[in-house]
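Reading through the structure tokens given below for one structure.
As the structure is a prediction and not an experimental result, all values here were calculated from the model.
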Amino acid sequence: MILLTCTLMSLIHVKQIKNHTKFLRQCVLMIENISILLEYNSLPIQEIFKCLLKNESLYLLEFIEEICKKIDISSDFEFVYSSSLNSLKEKYIDGEDKEYLLGFFSLLGKSDVNGQLSNCKLYKTFFKNKLNIVEKTEGEKCKTSIALNLGAGLCLSILIL
């Protein structure tokens, strides 16, 4: 029973690690989509988020739906972004990710199209760099997590017997 519990714990941890990687990929994709919508369609911010909401490949970015709900009610975009990101569940995101997103959103819609495209390019680079780092360590972390949890389960099983 203990061994099974430890195995399940390691699988949950591995899933969290993999979801964080997916989350970062989806952040890069979201920024690319925003950049395209700004550059080629010149859509207002509200319409951009409505388009993002329809994109099924951004399913881990739960804050997009929150932003869409709040953005029609409030014209204070910074409040909308920060409150939506602060209501995020911490399963896929760490503090640095949240800071990057807040930084990205804080400049969105505050300059001309070229300024916003530069913002997209900058934060896309930030997220891509973080994604590269996370992808390099993902395999090691997953193997280590499984080994440690199985080892702990075996040790506890032996001690109890």
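The OG1 atom of Thr21 sits 13.5 Å away from the NZ atom of Lys136 when rounded to the nearest 0.5 Å. Note that CD1 of Ile48 is 14.0 Å distant from CG of Leu53, once rounded to the nearest 0.5 Å. For the atom pair CG (Leu24) and OH (Tyr100), the distance works out to 10.0 Å, reported to the nearest 0.5 Å. Rounded to the nearest 0.5 angstrom, Leu52 CG and Leu58 CG are separated by 6.0 Å. The structure places CG of Leu29 at 4.5 Å from CG of Asn33, a figure rounded to the nearest 0.5 Å. Once rounded to the nearest 0.5 Å, the distance linking CG of Leu61 with CD of Gln26 reads 5.0 Å.
A single hydrophobic cluster is seen to contain both Met30 and Val113, as judged by linkage of ILVMFWY side chains at heavy-atom distances under 4.5 Å, directly or through other members.
Within the structure, side-chain hydrogen bond (donor to acceptor under 3.5 Å, both in side chains) pairs that include any residue of residues 110-119 comprise Glu78-Lys110 (at least two apart or interchain).
Taking the six-membered ring where the residue is Trp, the centroids of Phe23 and Tyr59 are separated by 6.0 Å or more.
Every residue meeting the side-chain hydrogen bond (donor to acceptor under 3.5 Å, both in side chains) condition with Asn55, not counting sequence neighbours, appears here in chain and number order: Ser57. In this structure Glu32 satisfies the side-chain hydrogen bond (donor to acceptor under 3.5 Å, both in side chains) test together with Lys124, sequence neighbours excluded. Partners of Lys130 by side-chain hydrogen bond (donor to acceptor under 3.5 Å, both in side chains), not counting sequence neighbours, listed by chain and number: Asp94, Glu96, Asp97.
For the pair Glu135 and Arg25, the minimum side-chain heavy-atom distance is below 4.5 Å. A 4.5 Å side-chain heavy-atom check between Leu122 and Phe104 finds every atom pair outside the cut-off. Contact annotation: the side chain of Phe77 never approaches that of Leu108 to less than 4.5 Å [non-hydrogen atoms, C-beta and beyond]. Side-chain contact between Phe127 and Leu101 is present, with heavy atoms from C-beta onward closer than 4.5 Å.
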Which atom pairs, one a donor and one an acceptor, fall under 3.5 Å between side chains of residues 39-47 and the rest of the protein, sequence neighbours left out?
none

Show the atom names and distances, to 0.1 Å, of all donor-acceptor pairs under 3.5 Å that link a side chain in residues 63-70 to residues at least two apart or in another chain.
{"unit_1": "Lys70", "atom_1": "NZ", "unit_2": "Ser83", "atom_2": "OG", "d": "3.1"}

Report task. Take Leu102 and Ser82, measure what side chain to side chain contact (heavy atoms under 4.5 Å, CB included) needs, and give me the verdict at the end. Result -> CA-CA 6 Å; Leu102 282 170; Ser82 63; 3.8 Å; yes
Report task. Start with the C-alpha gap between Phe105 and Phe49, add the side-chain angles, then the distance that decides, and say whether ring pair (Phe, Tyr, Trp, His ring centres under 6.0 Å) holds. Result -> CA-CA 12 Å; Phe105 289 140; Phe49 279 99; 5.7 Å; yes
Report task. Check the pair Lys128 / Ile31 against side chain to side chain contact (heavy atoms under 4.5 Å, CB included), numbers first and verdict last. Result -> CA-CA 11 Å; Lys128 276 190 168 184; Ile31 293 171; over 6 Å; no
